> 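The structure is given below, and queries will be raised subsequently.
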Amino acid sequence: MTTRATPAQKRRRLREGLASGTLQRLPGAFSPLAARAVADHGFDGVYVSGAALAADLGLPDIGLTTLTEVAGRGGQIARATDLPTLIDADTGFGEVANAARTIEALEDAGLAGCHLEDQVNPKRCGHLDGKTLVPAADMVRRVAAAVKARTDPDFVVCARTDARSVEGLDAAIDRAKAYVDAGADMVFPEALKDEAEFAAFRAAVDVPLLANMTEFGASPLLSARRLEALGYNLVIWPVSSLRAAMGAVDELFAALRTEGTQASLVDRMQTRARLYDLVDYASYSAFDRDLFNFEIPGSAT
Ligand SMILES: C[C@](O)(C(=O)O)[C@H](CC(=O)O)C(=O)O
Ligand SMILES: [Mg+2]
């Protein structure tokens with residue numbers, strides 16, 4: 001209800017951010033409520049992780065989720081804020097024609113952009129061993145189809161290459177250049193090993209670059225400040241909020257089992273007041289003043 005920016009305005013904002021020379025910081029949001037928190041903390045955009053979306057459904061990240069599920073959840077998350085939302089479109093949910101339809105669906109859902117990767121199906125998390133890639137020529141067709149399918153020229157098509165850990169750094173750079181020639185607006189070099197490789201990619205590729213700062217992976221956790229100095233344009237922390245939340249959920253359930261009460265953990269929980277703030281309870285009194293005319297117990301406000 002509080003969201004006023006249109007999808008077109010959000011896409012423009014992402015484009016301007018990528019052209020600004022300032023690193024765009026996009027934490028992953030596993031739900032619309034988490035996206036509200038991303039916005040409230042003053043980030044530049046929201047990221048929707050395929051791994052987190054699958055995990056939230058109790059599934060591994062091997063391409064089991066469908067375009068309908070991903071576009072549906074992505075749309076709910078995109079709608080929750082005025083920020084641009086970038087979504088993980090895995091391999092594009094099929095062959096070349098499917099990649100085109102994927103862009104149509106994601107655009108219709110209000111996303112600002114997506115990334116498509118050059119793995120075969122079943123795909124894997126980019127930081128695991130045993131990945132297989134499609135030939136570069138096939139991915140070029142995938143990217144070209146995606147670019148052609150968009151109706152808003154500001155929708156960002158980002159090409160991810162998983163080649164670093166399969167074919168080596170040079171091959172990954174060659175693939176990235178071919179994807180840029182096919183029309184990719186941004187490149188996501190997956191699973192780079194160290195800072196020197198991040199720098200090598202920056203030196204070789206002319207379009208905006210995305211850095212994936214996922215935990216327990218192959219890449220070092222470089223800070224936003226460091227990535228900006230390296231010339232990167234956008235950073236994602238894709239699964240961090242889910243891992244943090246689920247870490248807290250595990251602790252809570254352990255306490256409930258052993259102590260029979262959550263009392264020892266209440267002071268680390270999000271308060272009722274903060275939750276109501278994020279869902280903007282107060283603004284609904286524009287329609288009906290009886291909806292927000294109570295005192296929250298224990299709250300100063
Ligand atoms: C970015 C990613 O594609 C995702 O789905 O969030 C994953 C993240 C992860 O598994 O940690 C990836 O890097 O493959
Ligand atoms: Mg993914």
Side-chain angles (χ1 to χ4, degrees), residues 24-31 34-35 38 43 45-67 69-71 73-74 77-78 85-94 99 102 106 111 113-134 139 142 146 156-166 172 175-176 179 184 186-194 197-198 201 209-222 227 232-247:
Q24 302 300 293
R25 298 151 303 161
L26 279 68
F30 55 84
S31 72
V38 169
F43 286 96
V46 176
Y47 177 72
V48 180
S49 150
L53 200 151
D56 197 47
L57 293 168
L59 297 171
D61 184 21
I62 53 173
L64 295 173
T65 50
T66 66
L67 171 58
E69 286 171 330
V70 170
R73 191 59 168 163
I77 294 172
T85 300
L86 180 75
I87 195 164
D88 181 352
D90 286 346
T91 59
F93 304 100
T102 292
L106 297 179
L111 279 305
C114 72
H115 61 78
L116 290 167
E117 68 205 30
D118 56 7
Q119 291 196 54
V120 299
N121 269 310
K123 56 143 293 157
R124 291 173 185 235
C125 160
H127 293 260
L128 298 184
D129 298 331
K131 291 187 294 185
T132 308
L133 308 185
V134 296
M139 178 63 177
R142 211 177 258 178
V156 170
V157 175
C158 173
R160 161 170 151 177
T161 180
D162 281 70
R164 166 61 190 97
S165 51
V166 184
R175 277 179 175 264
Y179 305 161
M186 178 160 66
V187 167
F188 172 173
E190 176 66 308
L192 299 182
K193 290 252 176 311
D194 54 31
E197 293 196 354
F198 279 86
F201 235 95
L209 286 178
L210 179 155
N212 176 12
M213 292 294 108
T214 196
E215 304 84 6
F216 316 112
S219 302
L221 294 181
L222 303 173
L227 288 166
Y232 275 67
N233 305 84
L234 189 147
V235 59
I236 57 171
W237 296 277
V239 194
S240 312
S241 61
L242 181 76
R243 294 194 222 280
M246 288 308 295

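Because the structure is predicted, anything quoted here is derived from the model rather than measured. Start at 1 and go down the list; that is how both ligands and their atoms are numbered.
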> How about the Mg ion (ligand 2), which protein N, O or S atoms come within less than 2.8 Å?
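You should have found D88 OD2.
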
> Give the minimum heavy-atom separation between Q119 and V134, together with the two atoms involved.
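Nearest pair, atom of Q119 first, then V134: O-CG1, 3.8 Å.
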
> Contact between Y232 and P189 at the side-chain level, heavy atoms closer than 4.5 Å - yes or no?
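In short, these two side chains touch, coming nearer than 4.5 Å.
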
> Any atom of ligand 1 sitting under 4.0 Å from a heavy atom of E190?
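E190 counts as a contact of ligand 1 under the 4.0 Å cut-off.
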
> Do any nitrogen or oxygen atoms of G50 come within less than 3.5 Å of a nitrogen or oxygen of ligand 1?
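Looking only at distances, the answer is yes, because the N/O contact criterion of under 3.5 Å is met.
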
> Whether the side chain of R124 engages the backbone of G130 through a donor-acceptor N/O pair (distance < 3.5 Å, no angle test) should be reported.
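Checked: pair present.
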
> Taking 4.0 angstrom as the limit and counting only heavy atoms of T214, give me the atoms of ligand 1 inside it, by number and element.
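This gives 8 (C), 9 (C), 11 (O) as the contact atoms.
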
> What atoms in ligand 1 come closer than 4.0 Å to a heavy atom of H127?
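Those qualifying, in numeric order: 13 (O).
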
> Which of these, M213, R124, R160, K123, has its nearest heavy atom closest to atom 3 (O) of ligand 1?
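Closest candidate by heavy-atom distance is R160.
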
> Donor-acceptor check, side chain of D88 to backbone of V48, threshold 3.5 angstrom: yes or no?
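No.
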
> May I ask you to test the S31-R73 pair for a side-chain heavy-atom distance under 4.5 Å?
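A side-chain contact exists here, since the closest heavy-atom pair is under 4.5 Å.
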
> Tell me, which protein residue and heavy-atom name are nearest atom 6 (O) of ligand 1, and how many Å apart are they?
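Checking every protein heavy atom, the shortest distance to atom 6 (O) of ligand 1 gives S49 OG, 2.6 Å.
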
> Identify the heavy atoms of T65 and L53 that sit nearest to each other, and give their distance.
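The pair with the smallest heavy-atom distance is CG2-CD2, 4.2 Å.
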
> Which atoms form the tightest heavy-atom contact between A54 and P60, and what is the distance?
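In terms of heavy atoms, the two residues are closest at CB-O, 3.7 Å.
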
> Should you measure from each heavy atom of C125, which atoms of ligand 1 turn up under 4.0 Å away?
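Listed by number with element: 9 (C), 10 (O), 14 (O).
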
> Say whether F216 and ligand 1 are in contact under the criterion: heavy-atom distance to a ligand atom below 4.0 Å.
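No heavy atom of F216 comes that close to ligand 1.
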
> Give me the nearest non-hydrogen protein atom to atom 14 (O) of ligand 1 as residue plus atom name, then the distance to 0.1 Å.
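That would be G126 N, 2.7 Å.
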
> Identify the two heavy atoms, one from G94 and one from N121, that lie closest to each other, and give their separation to 0.1 Å.
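Scanning both residues completely, I find the closest heavy atoms to be N-ND2, 4.4 Å.
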
> Is the closest N or O pair between P238 and ligand 1 shorter than 3.5 Å?
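No, no N or O pair falls under 3.5 Å.
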
> Quick one: does ligand 1 sit under 4.0 Å from the side chain of R243, the backbone, both or neither, non-hydrogen atoms only?
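Answer for R243: side chain.
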
> Tell me yes or no: between the side chains of R243 and T214, is some donor less than 3.5 Å from an acceptor?
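Looking only at side-chain atoms, T214 and R243 do form a donor-acceptor pair, the distance falling under 3.5 Å.
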
> Which heavy atom of V38 sits nearest a heavy atom of A29, and at what distance?
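Closest approach of V38 to A29, heavy atoms only: CG2-CB, 4.3 Å.
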
> Going by distance alone, is a donor N or O of one side chain under 3.5 Å from an acceptor N or O of the other, for D118 and T161?
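T161 and D118 do have a side-chain donor-acceptor pair below 3.5 Å.
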
> List the atom of F93, the atom of L67, and the distance in Å for their closest heavy-atom pair.
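In terms of heavy atoms, the two residues are closest at CD2-N, 3.7 Å.
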
> Counting heavy atoms only, which part of W237 comes closer than 4.0 Å to ligand 1: side chain, backbone, both or neither?
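Looking at W237 and ligand 1, no heavy atom falls under 4.0 Å.
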
